[in-house]
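In what follows, chains are A, B, ... by sequence order, proteins preceding strands, each numbered from 1.
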Amino acid sequence: MVQEIIFIVLAAVLIGAALGVITARNPVHAALFLVLAFVTSAGLWLLLEAEFLGIVLVLVYVGAVMVLFLFVVMMLDINTATLRQGFARYAPLGVVVAAIVAVEIGYVVWSEKLGVTFGTPVNHPAEYSNTRELGNVIYTSYVYPFELAAVILLVGIVAAITLTLRRRAGTRSQDPVKQVRVSAKRGRVRLVNMPSEPRHGGDGK
Amino acid sequence: MTQTLHELRAYWDALPPALQLTLQSIGGIMVIMICLILAVAYMTLAERRIIGFMQVRLGPNRVGPWGLLQPFADVLKLVFKEVILPSSANKFLFIIAPIISIATAFAAWAVIPFSNGVILSNINAGLLYILALTSFSVYGVILSGWASNSKYAFLGAMRSAAQMVAYEIAMGFALVGVLMASQSLNLNDIVLGQSGNIGHWYLWPLLPLFVIYFISGVAETNRMPFDVAEGESEIVAGFHVEYSGTAFAAFFLAEYANMILISALASIMFWGGWLSPFQGWHALQGTFLGFLTAASFIWFAVKIGIFLYAFLWLRATFPRYRYDQIMRLGWKVFIPITILWLVLEGAAIVLKIGPWFV
């Protein structure tokens with residue numbers, strides 16, 4: 001009973017937040033609605049006893065990905081007129097994508113009628129560690145797909161870093177290794193011997 | 001007296017179990033929150049006094065004996081000040097930002113074990129929960145900076161966002177080291193895994209990770225010398241420049257609560273939490289000093305106090321890092337060291353190097 005109430009509340013908030021993502025005029029508000037959607041879906045996962053997935057969703061998407069998203073979106077100079085310009089042009093593509101998503105959702109919702117069966121979910125006791133089970137499965141049965149995903153991510157990292165590897169001429173930067181290496185005896189102060197020079201010009205009153 | 005107690009007991013037993021659980025949880029939350037707020041209040045006084053002594057001056061000592069009532073005077077002053085809403089600020093986000101800051105700072109305390117089993121919510125994924133909440137706390141800073149519609153506040157928010165994302169990775173890796181050593185995400189089990197004697201603390205096998213964790217913690221709480229988000233001399237007060245009164249006090253409270261949280265976590269994960277440093281000293285047992293070997297909340301409080309003192313010490317001694325230096329330290333120094341240490345630790349676990357990895 002309590003679980004149903006929590007589910008309905010979370011689901012309602014999730015749907016509202018998802019609608020907010022696509023209807024909000026301000027991109028920052030849209031991004032924040034997306035954060036709300038992530039947090040509520042994490043709550044739904046907790047309700048399904050998938051605490052690892054729920055917490056990692058908050059950790060990765062809310063804590064890192066959306067922060068970077070907001071970082072970029074907040075710096076944008078928002079002009080809603082230009083944003084709306086291409087609406088008619090992109091509408092057909094949008095309809096196609098929406099139709100595909102709708103079909104997929106329908107497939108999941110009515111999968112039982114289409115003959116796909118899932119096992120009944122089991123309630124586990126409090127000591128059951130979801131994280132441990134997931135780790136066991138990932139590193140035994142699914143080790144190759146998992147490693148493949150890791151390699152793809154690594155390629156992404158290397159590609160992203162390569163994009164930043166261009167040096168503009170004339171930038172100044174410090175070399176911490178050199179800075180640490182200076183010692184009082186050599187390098188920091190250089191004493192030069194030079195003969196004293198006669199004063200130029202007048203002595204200026 | 002005993003009769004009224006018995007009557008109360010009878011009333012309590014007559015309540016339905018769900019209500020009992022709710023009341024217990026609310027009671028626990030109230031106790032933790034009140035203790036935490038008091039700790040924060042006296043932390044502000046301790047900070048001003050200790051830094052005062054470090055800088056050879058007295059610090060606040062006028063309100064009450066030794067200045068002990070100073071925090072209450074400060075709170076009263078802030079509470080009675082007007083909360084000013086800037087006319088072009090985003091009202092909703094402006095108000096909700098300090099609430100997010102303070103809520104995440106307090107919510108993380110739900111999984112902190114104060115003594116063996118004395119914990120509000122003994123969940124298995126405690127470590128992950130803490131990480132998720134600390135990463136969520138950056139929203140308080142970002143939202144306040146953006147919603148204020150002020151350039152200084154916005155600069156502070158941007159700096160803070162980049163800094164937190166960078167140091168969270170190093171912090172996460174340091175926690176992965178703890179997870180590998182203890183084979184558990186449950187904070188209570190992590191402390192119990194360090195029992196034996198002082199040599200069993202994860203501090204020794206994970207020394208680099210401990211140092212990185214603590215420095216990342218300082219960066220994560222936006223404390224000196226990583227306080228570029230506030231940077232009084234550069235961007236006035238950074239993300240909370242537009243806040244006043246209670247809203248400003250909320251940010252303050254959240255910052256100090258986070259400091260205490262980082263200290264508590266460092267002592268739980270690396271310094272054996274509530275375990276005694278003299279545990280396993282058989283010479284002490286049976287003598288009048290035998291009580292020193294017992295595990296208790298007091299040890300936990302002492303360890304938290306040591307870390308909090310370190311926070312103040314850092315503030316009094318170091319100049320502020322420049323922004324690019326912070327980024328370099330996070331990405332190019334801490335993350336490679338943590339990754340290297342995780343590999344070494346994995347090898348140590350496979351080779352069963354004792355007394356930690358048996």
Side-chain angles (χ1 to χ4, degrees), chain A residues 1-2 26-29 31-33 35-36 38-39 42-43 45-46 49-76 78 124-135 157 161 164 171-177 179-180, chain B residues 18 22 90 92-93 96-97 100 104 111 121-139 141-143 145-147 149 153-155 157-166 168-169 171-172 175 179-180 183-186 189 220 322 324-325 328-329 331-333:
Chain A
M1 177 59 192
V2 179
N26 191 328
V28 175
H29 293 175
L32 289 173
F33 272 122
V35 171
L36 181 61
F38 280 138
V39 173
W45 270 347
L46 286 183
E49 299 184 4
E51 75 264 5
F52 180 79
L53 290 178
I55 294 176
V56 165
L57 181 72
V58 173
L59 180 58
V60 175
Y61 280 89
V62 176
V65 175
M66 288 315 291
V67 172
L68 295 179
F69 241 83
L70 278 173
F71 194 89
V72 175
V73 164
M74 280 177 177
M75 301 234 225
L76 291 178
I78 308 141
H124 291 285
E127 301 86 53
Y128 176 81
S129 174
N130 199 298
T131 320
R132 188 178 289 269
E133 293 296 316
L134 207 64
I157 294 173
I161 293 176
T164 65
T171 52
R172 287 156 172 270
S173 64
Q174 56 181 170
D175 186 355
V177 180
Q179 289 179 323
V180 170
Chain B
T22 317
N90 186 321
F92 178 71
L93 292 179
I96 207 167
I100 289 179
T104 53
V111 296
S121 165
N122 196 356
I123 60 171
N124 271 327
L127 204 58
L128 276 174
Y129 171 82
I130 294 266
L131 259 182
L133 274 184
T134 45
S135 65
F136 198 74
S137 67
V138 64
Y139 280 91
V141 177
I142 298 185
L143 290 184
W146 186 76
N149 205 356
F154 187 63
L155 275 175
M158 290 292 106
R159 287 175 170 199
S160 166
Q163 177 183 325
M164 287 220 185
V165 169
E168 221 150 67
I169 298 172
M171 205 171 184
L175 298 191
L179 162 67
M180 281 166 71
Q183 319 257 315
S184 171
L185 283 170
N186 184 317
D189 292 349
E220 195 92 335
R322 217 173 50 209
D324 61 315
Q325 291 169 331
R328 182 184 163 274
L329 187 70
W331 290 102
K332 292 186 174 173
V333 180

**Q** Let me know if B:A157 has heavy atoms under 4.5 Å from chain A in its side chain, its backbone, both or neither.
**A**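 For B:A157, neither part sits under 4.5 Å from chain A.
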**Q** A:V2, A:L32, A:L57, A:L68: which one forms the most heavy-atom pairs within less than 4.5 Å of chain B?
**A** A:L32
**Q** Quick check for you: among A:G63, A:A64, A:G54, which has the greatest number of heavy-atom pairs under 4.5 Å with chain B?
**A**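 The option with the most such pairs is A:G63.
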**Q** To the nearest 0.5 Å, what is the distance between CE on A:M74 and CG on B:L143?
**A** 5.5 Å
**Q** Determine whether a donor-acceptor pair (N or O, by modelled atom type, separation under 3.5 Å) exists between the side chain of A:R132 and the backbone of B:S184.
**A** no
**Q** Counting only non-hydrogen atoms closer than 4.5 Å, does B:I169 touch chain A with its backbone (N, CA, C, O), its side chain (CB onward), both, or neither?
**A** neither
**Q** Sort B:N90 into side chain, backbone, both or neither according to what part of it lies under 4.5 angstrom from a heavy atom of chain A.
**A** side chain
**Q** Among B:V165, B:L128, B:N122, which residue has the highest count of heavy-atom pairs closer than 4.5 Å to chain A?
**A** B:L128
**Q** In terms of heavy-atom proximity below 4.5 Å to chain A, should B:L185 be classed as side chain, backbone, both, or neither?
**A** side chain
**Q** Can you tell which part of B:N186 gets under 4.5 Å to a heavy atom of chain A, answering side chain, backbone, both or neither?
**A**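 Neither; nothing under 4.5 Å.
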**Q** Flag the pair A:V39 / B:F136 as yes when at least one side-chain heavy-atom distance between them is below 4.5 Å, and no otherwise.
**A** yes
**Q** So for A:V60, is it side chain, backbone, both, or neither that comes closer than 4.5 Å to the heavy atoms of chain B?
**A** neither
**Q** So with a 6.0 Å cut-off around CZ of B:F154, is the heavy-atom count from everything else above 12?
**A** yes
**Q** Is there side-chain contact between B:N124 and A:F52, with heavy atoms separated by less than 4.5 Å?
**A**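 The answer is no, as the side chains (C-beta and beyond) never meet within the 4.5 Å cut-off.
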**Q** Measure from the side-chain N and O atoms of B:Y139 to the backbone N and O of A:V62, and report whether any donor-acceptor pair falls under 3.5 Å.
**A**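 Judged by distance alone, yes, a pair lies under 3.5 Å.
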**Q** If you compare all heavy atoms of A:F71 against all heavy atoms of B:M158, which two are closest, and at what distance to 0.1 Å?
**A** CE1-O, 3.2 Å
**Q** What's the shortest heavy-atom distance between B:S135 and A:V58, and which atoms?
**A**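 Nearest pair, atom of B:S135 first, then A:V58: OG-O, 4.4 Å.
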**Q** Roughly how far apart are A:L59 CG and B:L133 CG, rounded to 0.5 Å?
**A**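 A:L59 CG to B:L133 CG: 10.0 Å, rounded to 0.5 Å.
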